[in-house]
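Data block below; observations after.
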Number of protein chains: 2
Amino acid sequence: MVEHRTSPHHSGPGRAAEKPHDHDACIDTAIARARALCEERSVQLTPIREKVLQIVWRSHKPVGAYQVLDELSRTHKAARPPTVYRALDFLIAEGLIHKIESLNAYLGCGEAGVAHTSQFLICRSCGTTEEIVDPKLDQALDAAAKRARFTVERKVVEIAGLCGRCAG
Amino acid sequence: MVEHRTSPHHSGPGRAAEKPHDHDACIDTAIARARALCEERSVQLTPIREKVLQIVWRSHKPVGAYQVLDELSRTHKAARPPTVYRALDFLIAEGLIHKIESLNAYLGCGEAGVAHTSQFLICRSCGTTEEIVDPKLDQALDAAAKRARFTVERKVVEIAGLCGRCAG
DNA sequence: TGGGGGGATGATACAATATAACTTTGGGGC
DNA sequence: GCCCCAAAGTTATATTGTATCATCCCCCCA
Ligand SMILES: [Zn+2]
Ligand SMILES: [Zn+2]
Ligand SMILES: [Zn+2]
Ligand SMILES: [Zn+2]
């Protein structure tokens, strides 16, 4: 379910997921940024890929691949699992979405185009998942790995619990 | 594949996964601890559950549920997916194993019976996965969540890369 | 002593997530 | 016109995880 335009104002980075906001603007921004980045990198944001990105961005809740497939099928009869997984793989490779490992689901990246490692706060009540970028936390991860003589390539940090609104 | 007894000595917590060691001792310790804990808690470590725990502990690499099923089937013909998932669920609930979300696989807990939140270092080369308990990192997670007014219930921290042996 | 209750397992079927492998399409360069 | 290559189409299958109902068995107790 898409939240509709309620306000022309944004609330600053990192808070959008938690309160009513102009979500169409989130989508528009994400799509515009994706187009620009793909242009810049000379990779193709094809109609299918863009549509999948749009579907993932319809909410701030992670979306399953087969949910994406259902949505995509409405306008694109030929869509099959590989159609979706290819698009998702592309979007992940370009840093436009993230996979939430503990949910087997996908979420639009709020920091596309900016080098970052992010962490996720997943509300078990409303499903809303906030992407945060916490350099201290990131440093703590690196430090822990270093102590164990481990070379980091990828970091998965997913914190599940209750968001501010649901804990109320 | 099980590594065999090569030395009667241990190398201290957190290092066992990284070098040749007396892995049978790892298994024996884990099973003994599990028995004691289940006794204490008045829950049943049934033959199936113990066998599954043993299978998971056969290496320091996360094991998939269907790998467990294959192994279990050798001695237990009636085993089916629910048999395995029930045992895994029990072992997770009792804190005897962990699920590695990014691999959909399961790993014996090296700190069973001790309250802890752990993190995992997953080597993409050899598969060896080390469980670490880093209080600083854990605090950083809590701090990050607090800053976002998020109530933490569960933390998933999985760092993938190269272990010391594979990078070295 | 023979129900009865409840936890554990058996058994069957199916759902949900993901990939393999081969074919077809379509746009750009030569 | 032809080739090349990335993208998408197509079919089939692999992998991971659940739902549901039946059965077994131990313990308690009337
Ligand atoms: Zn939004
Ligand atoms: Zn919530
Ligand atoms: Zn060991
Ligand atoms: Zn390694």
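Here the structure is a predicted model, which is why all the values come from computation and not from measurement. Letters go in sequence order (proteins before strands), and every chain restarts at 1.
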To the nearest angstrom, how far is A/Asn104 atom CG from D/dT18 atom P? 10 Å
From NZ of A/Lys77 over to P of D/dG9, roughly how many Å is that when rounded to an integer? 14 Å
With sequence neighbours left out, the residues meeting side chain to side chain donor-acceptor pair (under 3.5 Å) with B/Ser118 are B/Glu131
note: A/Arg80, atom CZ; D/dA12, atom C1'; distance rounded to Å ~ 12 Å
Heavy atom of residues 33-55 of chain B under 4.0 Å from DNA chain C: which residues? B/Gln44, B/Thr46, B/Ile48, B/Arg49
Is atom CZ of B/Arg41 surrounded by more than 12 heavy atoms (other residues, nucleotides or ligands) closer than 6.0 Å? yes
Inter-residue atom distance A/Ile159.CD1 - B/Arg154.CZ, 0.5 Å rounding: 12.0 Å
Can you check whether B/Tyr66 stacks with the D/dT15 base, using ring centres under 5.5 Å and planes within 30°? no
Expected output is a numbered-order residue list: members of residues 83-101 of chain B with a heavy atom under 4.0 Å from any atom of DNA chain D. What is it? B/Tyr85, B/Arg86, B/Lys99
Taking the basic N atoms (NZ, or NE/NH1/NH2) and the acidic carboxylate oxygens, is any pair closer than 4.0 Å for A/Lys51 and A/Glu71? no
Flag if over 12 foreign heavy atoms under 6.0 Å of CD, A/Glu153: yes
Whole-Å gap separating P (C/dA16) and CG (A/Asp70): 10 Å
Donor-acceptor under 3.5 Å (B/Arg49 side chain, B/Gln44 main chain): yes
Carefully, step by step, assess A/Lys155 and B/Glu158 under the rule salt bridge (Lys or Arg N to Asp or Glu O under 4.0 Å). CA-CA 6 Å; A/Lys155 297 166 188 156; B/Glu158 301 175 6; over 6 Å; no
Would you tell me if any nitrogen or oxygen in the side chain of A/His76 comes within less than 4.0 Å of OP1 or OP2 on D/dG9? yes
Please give, in whole Å, the distance from D/dG17 C1' to B/Leu103 CG? 16 Å
